[in-house]
Amino acid sequence: MKTITGILAATALTGASAAYAVDLEVTHWWTSGGEAEAVREFAKAFNEQTEHTWVDGAVAGGGNVARPIFVSRILGGDPMGATQFNHGRQTEELIQAGLMMDLTDVAEAEGWKDLVNPPSLLDACTLDGRIYCAPINIHSWQWMWLSNKAFEDAGVPIPTNWDEFVAAGPALVAAGKIPLAMGQQPWQQGGAFNVIFTAVGGPELAERIMGQKDAEAARSPEFLKVWEAAAQARELSANSNVQDWNQATNLVITGQAGGQIMGDWAQGEFALAGQNAGDDYTCLPGLGLQDVLDTGGDAIYFPVNRDPAVTAAQKELAALLLKPDVQVAFNEKKGSMPVRGDVDMASVNECMKKGLDLLAQGGSVVVPSIELRLSADTIAEINDLVTEFWFDPSYPPEEAQEVYADIISRAK
Ligand code: GAL
């Protein structure tokens, strides 16, 4: 228990305004085993390296459930001290309403512009030249995870790309496996669709349609091929009856399913299960069809608070999140890449190495995340379309393509 005397003395020394030890509530949706291990590293660093206390505000059910709760608390005048969002456009309306703290002074004092890699990551926290979030990792959605055991049991070689995976479907089914693991939340179908889009349609088509909002390109024969591939994925995941993404990952970990299209946060679950990349599971960036990585991921945002002591604690946390030791400790457990280019991840497995190599290639290999290209509302509309398509085997690809094109024609 920190004594008030000690804190007042510290305040006198630092000359800070009325500062005191703050219990800072931090909300997030990291509730799987691997995610919880990772967020514990942040809490440990905050509690040990500052006078404040991390009050954990975990919300289960994934981002689609948690984000509306965070937004309504901030809009409703009951803000948390800090919260996770994906970096990108998810918070633009809260920032424009003046509800999120400007962190530019922290970013300048800590030299974020010189150490965040790739620099575009800080752009994902920047609006009208001001910085409003601390980026904490790079997660790429553009991955597929394969169970080596499932393919051994099925007597077929481990696929090196999506086409080989689809061709192995019947052998997996004959061996009693679920070919493609998939949970039952719209963000999971929507995310998997976007990976198939970038892999089968190619990054250039993805940029034209999602980046440039080109609805005509969304009506092209090339984009119809994406929807036809999604129909194959729909069939291959028909018997995957789990809810959460990490339950689907567990189907792969236990060899009950052949593979899962999921972001590289899945690595945290393989690690927790004691599985090794290459030996137990195989990773295919860009579904083995494209050399591609997206710079999605997470950031911590800080709702504006009237209490200067809380503001001071918020700024201490923002600075701490990008410190080298904290970056390594968190990202190693999270399965994500650090936002600094100057740290060495001690345990870089072959999948993380593939990701870091793609990141180092840069150029057209590294593409913006969907959260950077499209607004939260547009993404939600697309996710709902994909989910409807995914769970209705009679929904024709051509029809879904036209609905998608209409969504893009209205996207801002
Ligand atoms: C993503 C987030 C990841 C992970 C994933 C599954 O939006 O960036 O950190 O939490 O959701 O929950």
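Heads up: numbering here begins at 1 and tracks the sequence. In listed order, ligands and their atoms are each counted from 1. Computed from a predicted structure; not experimentally measured.
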Show me the short polar-atom pairs for ligand 1: any N or O of it lying under 3.5 Å from a protein N or O, with distances only.
residue  : atom   : partner : partner atom : Å
ligand 1 : 7 (O)  : Asn86   : ND2          : 3.1
ligand 1 : 8 (O)  : Asn86   : ND2          : 3.0
ligand 1 : 8 (O)  : Asp298  : OD1          : 2.6
ligand 1 : 8 (O)  : Asp298  : OD2          : 3.3
ligand 1 : 9 (O)  : Trp30   : NE1          : 3.0
ligand 1 : 9 (O)  : Asp298  : OD1          : 3.3
ligand 1 : 9 (O)  : Asp298  : OD2          : 2.7
ligand 1 : 9 (O)  : Lys334  : NZ           : 2.7
ligand 1 : 10 (O) : Trp29   : NE1          : 3.4
ligand 1 : 10 (O) : Trp30   : NE1          : 3.3
ligand 1 : 10 (O) : Glu35   : OE2          : 2.8
ligand 1 : 11 (O) : Trp29   : NE1          : 3.2
ligand 1 : 12 (O) : Glu35   : OE2          : 2.9
ligand 1 : 12 (O) : Trp245  : NE1          : 3.4

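When only modelled atom types and interatomic distance are considered, His52 and Glu316 share a side-chain donor-acceptor pair under 3.5 Å.
Remark: Asp325 engages Gln49 in a side-chain hydrogen bond (donor to acceptor under 3.5 Å, both in side chains) (not counting sequence neighbours). Applying the side-chain hydrogen bond (donor to acceptor under 3.5 Å, both in side chains) test to Trp29 and every residue at least two apart in sequence or in another chain returns nothing.
Between Lys334 and Glu37, none of the side-chain N atoms (NZ, or NE/NH1/NH2) sits under 4.0 Å from a carboxylate O, so this pair counts as no salt bridge. A salt bridge does not link Asp56 with Arg40: none of the charged nitrogens is closer than 4.0 Å to a carboxylate oxygen.
Note on residues 354-390: pairs passing ring pair (Phe, Tyr, Trp, His ring centres under 6.0 Å), not counting sequence neighbours, are Trp227-Phe389, Phe389-Tyr395.
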